[in-house]
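Here the structure is laid out as structure tokens; the discussion comes afterwards.
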Amino acid sequence: MSLTAKNKDTIKSFWAKAAPKAEEIGTDALSRMLVVYPQTKTYFSHWKDLSPGSAPVRKHGKTVMSGVAEAVSKIDDLTNGLLTLSELHAFQLRVDPANFKILSHNLLVVLAIQFPDDFTPEVHVAMDKFLSAVALALSEKYR
Amino acid sequence: MVEWTDAERSAITGLWGKISVDEMGPQALARLLIVAPWTQRHFASFGNLSSPAAIIGNPKVANHGKTVMGGLDRAVKNLDNIKATYAQLSVMHSEKIHVDPDNFRLLSDCITVCVAMKFGPSCFTPDVQEAWQKFLAVVASALSRQYH
């Protein structure tokens, strides 16, 4: 299920609209993930406050979204482009890759909330494919 | 037995009370067929599904969307007994329609996106999303129950 040229165009133009709100999107997606999928909290036991919109959640939302921005810029070769991030997730963070799907779902929900007029089914499928491709690239170094 | 908090019950019934099945059913089903095109395998008799525009404009898709989403009404009205309420529907989905249960999760996610778009951040808060997704997961589990 690789990204077509049309998918990439759709993704880049939608991302141009979303990028100015990246921090808000990242914060909201992470907040929702922690509430709706409480098992994901196990990765953040070192945070003082896991409630929606808290300072650590906000800071981490920003970090995650800059990763997404990097992925958009390297959309033509995600595997190589995200190698360092893959090593981070595989060897240090050791996030179970099943969680990439969970975060992706919450990102899509937040994008739908923030852009109800732009998040058409075509944009939805392109973004879903993109986030799946990013997840795959992040899983590259796991084993 | 699924346990619902009072907050979850009121989130679910509150949302359901504001949802128009006739409006959202078609949207959610069309979105499923576009975002996960392999689900079109069940709809060969529906005519033109060749593009997002064709799917969105297809009257059979719209009608079926209303049917499917309307099915959630019984679950909302029987929150403490969804498993039994859906026993027949589960057999039907397994034995007659042969739906891969993973498709229930896919449709649930599409419904959630439609609900999020409709109600926005002040209504569809993280807590409401939690309750809503828990509800859909229970429905999906009930529908998967009679598979063998």
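What you see below is based on every heavy atom in this structure, not just the backbone, and it leaves out hydrogens, waters and symmetry mates. A note on names: the letters A, B, ... follow the listed sequences, proteins ahead of strands, and every chain is numbered from 1.
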Are [X] and [Y] grouped together when hydrophobic residues (ILVMFWY) are joined by side-chain heavy atoms under 4.5 angstrom apart?
| X | Y | result |
| --- | --- | --- |
| Phe100(A) | Ile102(A) | yes |
| Val113(B) | Tyr37(A) | yes |
| Leu29(B) | Leu106(B) | yes |
| Leu50(A) | Val36(A) | yes |
| Val134(A) | Val64(A) | yes |

Say you draw a straight line from [atom1] of [X] to [atom2] of [Y]; how long is it, rounded to the nearest 0.5 Å?
| X | Y | atom1 | atom2 | value |
| --- | --- | --- | --- | --- |
| Lys101(A) | Arg105(B) | NZ | CZ | 5.5 Å |
| Asp28(A) | Gln129(B) | CG | CD | 8.5 Å |
| Thr120(A) | Ile56(B) | OG1 | CD1 | 7.5 Å |
| Met117(B) | Leu111(A) | CE | CG | 10.5 Å |

Do you know which two heavy atoms are closest between [X] and [Y], and how far apart they sit?
| X | Y | answer |
| --- | --- | --- |
| Ile34(B) | Val125(A) | O-CG2, 3.8 Å |
| Glu130(B) | Val35(A) | CG-O, 3.5 Å |
| Pro121(B) | Ile113(A) | CD-CG2, 3.4 Å |

Are there more than 12 heavy atoms of other residues, nucleotides or ligands under 6.0 Å from atom [atom1] of [X]?
| X | atom1 | result |
| --- | --- | --- |
| Lys118(B) | NZ | no |
| Lys8(A) | NZ | yes |
| Lys134(B) | NZ | yes |

- Where on Phe119(B) is there a heavy atom nearer than 4.5 Å to chain A: the side chain, the backbone, both, or neither? neither
- Item | Largest heavy-atom contact set with chain B, pairs under 4.5 Å, which of Ala112(A), Pro38(A), Ala126(A) |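 Heavy-atom pair counts peak at Ala112(A).
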- Item | Option that, when pairs with chain B are counted at under 4.5 Å, heavy atom only, ranks first among Glu122(A), Met1(A), His124(A) |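 Of the candidates given, the most pairs with chain B belong to His124(A).
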- Message: Quick check on the interface: out of Val35(B), Asp127(B), Asp109(B), who has the most heavy-atom pairs with chain A under 4.5 Å?
- Response: Val35(B)
